[in-house]
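Written below as structure tokens is the structure these notes are about.
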Amino acid sequence: MSDAHEHHVELPGPSEVRSPLVQQELKRAGVWFALAVAIGLVALLAQPLLLVMGALVLATMMDGGTRLIGRVLPIPRGWRLTIVLLSAVAFMVYTFYLTGSSLAAQAQAMRTIVETQVARIGGWMQQLGITTTPEDLKSLASQAMSSMGRVTAAVGTAVGAITSGVMMLVLAIFIAVEPKLYERGVAWMLPIEKRAHFYTVADKMGWTLRRLMFGRLIGMTVEGVGVWLFLWAGGVPMAGLLGILTGLFAFLPNIGSIISGILIILVGFSGGTHTGLYAFGVYMAVQIVDGYLIVPMVAKRATDLAPALVLAAQILFGALFGIMGLFLADPIVAMIKVYLEERSKALKPQNPTPPLPSPDA
């Protein structure tokens, strides 16, 4: 017994903080605890984070316009940014102030037309033996809209929407005035050996977002103006309002085109069968031009995002964060893709091992 006691070696117990084993386990536990806290903060601060993300997207659009003007006018950056902002304000004033009364009347008439068409579709479905009623269709649409964005429900109110828009615009202007200042500030919080990689990723993200937003603006303009002119030439009611709505919904790829197409077809068939078929043809022609010419030439070259990936992200972000999630799903996915690509390039070995020979060789 005494010999066994003499050869017994005491090992550190779990209460010994100086033990390397305990320190390692505490570090692991701290990492998991910090990760859980970070996830909780993201869920709690989802609305402010989305507002910041929206401001970054707006700042990218302003920066892209400023760079584009710089290719033509060699003037200081502040003046070029002022030209971009004044042009955007002038367009909004011309669109909504000068045509506000007529657009408001058209919007009320469109609501009546859409409700009437939905009721007609419900009656036609009942004649076919489908038990769905028009009230079911209306309740389904209202449930779909109310179920979106439980996290950012405050943005859905009129005051919340205006306040959020003003905050995003002001923040975007501050960032667009001197973007390098904020980029250097974020890099300062990183280790020195990580800053070069951060600058590379940030530049690639900015390049991608500028081209993505440029392609989106071109698509919005083509779809909005094209729908307006062709519907007006064909005598379709409310051509101006449908053109504006189509241009705005074009910011949302996939989902936006479906919503605008439904509105165009419903309003078109309210004027008769021939008018409805003509409106459907106009919608298809505009979508073909935008999908097969503009998007491949501008946006797809910058991001090359799979349509199914974008649609899945829109459904997910829309269900979690509402309309803000729908608007920001595409830019967020594009930035994540850029980060993963640059990360894989940084981790790629300089002298990769040659591939193993195939067993069939």
Side-chain angles (χ1 to χ4, degrees), residues 61 87-124 134 137-138 141-142 144-145 158 161 165 213-295 297-299 314 323 326-327 330:
M61 298 172 68
S87 300
V89 171
F91 172 76
M92 293 177 64
V93 169
Y94 176 79
T95 303
F96 295 102
Y97 179 75
L98 296 181
T99 62
S101 58
S102 61
L103 289 179
Q106 290 183 8
Q108 183 63 31
M110 177 180 290
R111 179 180 179 180
T112 304
I113 290 175
V114 170
E115 291 179 354
T116 304
Q117 295 294 84
V118 169
R120 292 177 58 184
I121 294 174
W124 175 70
L137 297 177
K138 292 180 182 179
S142 62
M145 294 302 296
M213 294 299 104
F214 177 74
R216 197 62 49 79
L217 290 177
I218 295 296
M220 292 169 64
T221 304
V222 170
E223 291 192 29
V225 175
V227 167
W228 168 54
L229 291 178
F230 283 108
L231 292 183
W232 174 75
V236 179
M238 292 169 284
L241 180 60
L242 287 173
I244 293 176
L245 292 177
T246 302
L248 294 176
F249 283 128
F251 190 86
L252 301 174
N254 303 320
I255 295 179
S257 60
I258 296 174
I259 298 175
S260 60
I262 292 175
L263 293 177
I264 291 173
I265 294 172
L266 289 178
V267 175
F269 276 99
S270 67
T273 304
H274 296 288
T275 306
L277 294 176
Y278 175 80
F280 177 75
V282 169
Y283 166 74
M284 292 300 298
V286 171
Q287 291 299 321
I288 289 174
V289 171
D290 180 64
Y292 288 93
L293 293 179
I294 298 175
V295 173
M297 287 191 303
V298 183
Q314 288 176 347
I323 190 65
L326 279 177
F327 276 102
D330 200 15

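Remember, predicted model here, so these are calculated numbers, not experimental data.
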* Structure fact -> Output for pair (Ile265 CD1, Leu277 CG), nearest 0.5 Å, gives 9.5 Å
All N/O donor-acceptor pairs, side-chain side in residues 236-246, below 3.5 Å, sequence neighbours left out:
{"residue": "Thr246", "atom": "OG1", "partner": "Leu242", "partner atom": "O", "Å": "2.6"}

* Any residue meeting side-chain contact (heavy atoms from CB on, under 4.5 Å) with Leu217, in chain and number order, not counting sequence neighbours -> Met61, Met220
* **Rounded distance (nearest 0.5 Å) linking atom CD1 of Ile264 with atom CZ of Phe249** => 10.5 Å
* **Nearest heavy-atom neighbours spanning Gly234 and Tyr278** => CA-CE2, 3.4 Å
* Return the minimal non-hydrogen interatomic distance between Gly268 and Ala279, and the atom names on each side. => CA-CB, 4.0 Å
* Specify the closest pair of heavy atoms between Tyr283 and Gly261, including all atoms of both residues, with the distance to one decimal. => CE1-CA, 3.4 Å
